[in-house]
Amino acid sequence: MPQIALITGATSGIGEATALKFAENGFDLIITGRRDERLTILKNKLEERNVRVLTRCFDVRNETDVKNAIGNLPDEWKNIDVLVNNAGLAAGLSTLQEGDTDDWNRMIDTNVKGLLYVTRAVSPGMVARKNGHIINIGSIAGKEVYPNGNVYCATKHAVDALSKGMRIDLVPHNVRVTQICPGAVETEFSIVRFHGDKDRACKVYEGYECLVAADIADCVWFAVSRPPHVNINDMVVMPAAQASGTIFHKVFEKTDN
Ligand code: NDP
Ligand code: 8X3
């Protein structure tokens, strides 16, 4: 029987690339997100690789919907081997004193509470079967705090703490927990952060070669494909031109005017 992975936030970026990587490696997939049309398009693409795919459209912030979506999986989909907690976002980039509390609530509810709701729904099955692997997508923002990053950094520091906590609680049950912390990856992340301002989002990735979603999918796959006695606890993965949350080596071509 193929193994089953559930990936949150599979409609874009790192989650979508991870779904493709798992399908290449023969996993059946439960792909989730809020944009149903995108889930259907991705399902069709994944099925070309001869794997089974189930879509579940829900908002990870809604505890009842998370419980229903995962609690009501068909029997043949219940035994989830790998959970990739990827759904997340940054909203806004401003000082705390000027922060938008709606942005704060979105980030805290998605990146922290959403990750918890999904893990709470999936992990008891792993414990019962004494087998499983949870991959949390953290961030360099969970290792450092940078100017104007305040609340987003706090949510990713929470993911860092929760990854350690989960590892302690799940180690007696043969459930592995890995955190992967990327630096700059060009996805829809900055468009979302800047509330749809694509010009501002593009500038984040100018002057250097940033990571692409497939780079992080490779890291997820590396962690998942280790032998059963090996756990990758934590990976911090940066573009070669990025030294920290804020230090980049950017090169721009000179113009005459
Ligand atoms: P994208 O914006 O491209 O993808 C984010 C995904 O999360 C989408 O599939 C989106 O789906 C889903 N999502 C967001 N909110 C919710 C919600 N409330 N309920 C369900 N799904 C949700 O960004 P990335 O791929 O870059 O981001 C993936 C993860 O990687 C995030 O946790 C992010 O913090 C982290 N990360 C990103 C970095 C980067 O530079 N890009 C660097 C470090 C970490 P939908 O809108 O359909 O619900
Ligand atoms: C995304 C990376 O540096 O924009 O988590 O916070 S950063």
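Please read all numbers here as calculations on a predicted model, not as lab measurements. Order of appearance sets the numbers: ligands from 1, and atoms from 1 within every ligand.
- For atom 39 (C) of ligand 1, the nearest non-hydrogen atom of the protein is V185 O, 3.5 Å.
- Separation of atoms CG (D28) and CD1 (I4) is listed at 6.0 Å; rounding is to 0.5 Å.
- For ligand 2 and A141, the ligand atoms under 4.0 Å from any heavy atom of the residue are 6 (O).
- To the nearest 0.5 Å, the span separating CG on L115 from CG on N85 amounts to 4.0 Å.
- Looking at atom 2 (C) of ligand 2, its nearest protein heavy atom turns out to be S139 OG, 3.7 Å.
- No N or O atom of A184 sits closer than 3.5 Å to an N or O atom of ligand 1.
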Task: Verdict with supporting geometry, F27 and W221, ring pair (Phe, Tyr, Trp, His ring centres under 6.0 Å) - done: CA-CA 11 Å; F27 267 66; W221 179 249; 5.7 Å; yes

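- Where the criterion is an N or O separation shorter than 3.5 Å, residue side chain and backbone included, I14 meets it with respect to ligand 1.
- Residue I140 touches ligand 2 through its side chain alone, judged by heavy-atom distances below 4.0 Å.
- Here the straight-line distance linking atom OG1 of T18 with atom CG of L29 works out to 10.0 Å at 0.5 Å rounding.
- Backbone and side-chain nitrogen or oxygen atoms of I140 are examined, and none is located within less than 3.5 angstrom of a nitrogen or oxygen of ligand 1.
- Distance CD/E37 to CG/L42: 13.5 Å, rounded to 0.5 Å.
- Looking from atom 21 (N) of ligand 1 to the surrounding protein, the closest heavy atom is A87 CB, 3.6 Å.
- The shortest heavy-atom distance from C181 to ligand 1 is not under 4.0 Å.
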- [ ] Dump the intermediate steps for salt bridge (Lys or Arg N to Asp or Glu O under 4.0 Å) on E16 and K43, then the final yes or no.
- [x] CA-CA 10 Å; E16 181 179 5; K43 174 179 159 67; over 6 Å; no

Task: Audit row: D197, K203, salt bridge (Lys or Arg N to Asp or Glu O under 4.0 Å) steps and yes/no - done: CA-CA 11 Å; D197 183 342; K203 291 196 171 60; over 6 Å; no

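- Shortest contact from atom 1 (C) of ligand 2 to any protein heavy atom: F189 CZ, 3.4 Å.
- Distances shorter than 4.0 angstrom occur between a heavy atom of R193 and an atom of ligand 2.
- Rounding to the nearest 0.5 Å gives a distance of 9.5 Å between OG of S163 and NZ of K156.
- At a 4.0 Å cut-off, not a single heavy atom of G114 sits close enough to ligand 1 to count as contact.
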TODO: Please assess N131 against H173 for the test side-chain hydrogen bond (donor to acceptor under 3.5 Å, both in side chains), listing each intermediate value before the final yes or no.
DONE: CA-CA 7 Å; N131 179 51; H173 305 288; over 6 Å; no

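- Y152 and R193 make their closest contact through CD2-NH2, 3.5 Å (heavy atoms, listed as atom of the first residue, atom of the second, distance).
- Under the 4.0 angstrom criterion for non-hydrogen atoms, G138 is in contact with ligand 1.
- Counting atoms of ligand 2 from 1 in the listed order, those under 4.0 Å from a heavy atom of Y152 are 1 (C), 5 (O), 6 (O).
- Residue contacts with ligand 1, taken as heavy atom pairs separated by less than 4.0 Å, involve S12 via backbone and side-chain atoms alike.
- Atom CD of residue E76 and atom CZ of residue R52 lie 6.0 Å apart, to the nearest 0.5 angstrom.
- At least one heavy atom of D59 sits less than 4.0 Å from an atom of ligand 1.
- Nearest-residue assignment for atom 48 (O) of ligand 1 (options R34, R38, E16; heavy-atom criterion): R34.
- Atom 7 (S) of ligand 2 has its closest protein heavy atom at Y146 OH, 3.4 Å.
- K156 counts as a contact of ligand 1, since one of its heavy atoms falls under 4.0 Å from the ligand.
- Polar contact check, G15 against ligand 1: no nitrogen or oxygen pair lies under 3.5 Å apart.
- For T187, a nitrogen or oxygen atom sits less than 3.5 Å from a nitrogen or oxygen atom of ligand 1, counting backbone and side chain alike.
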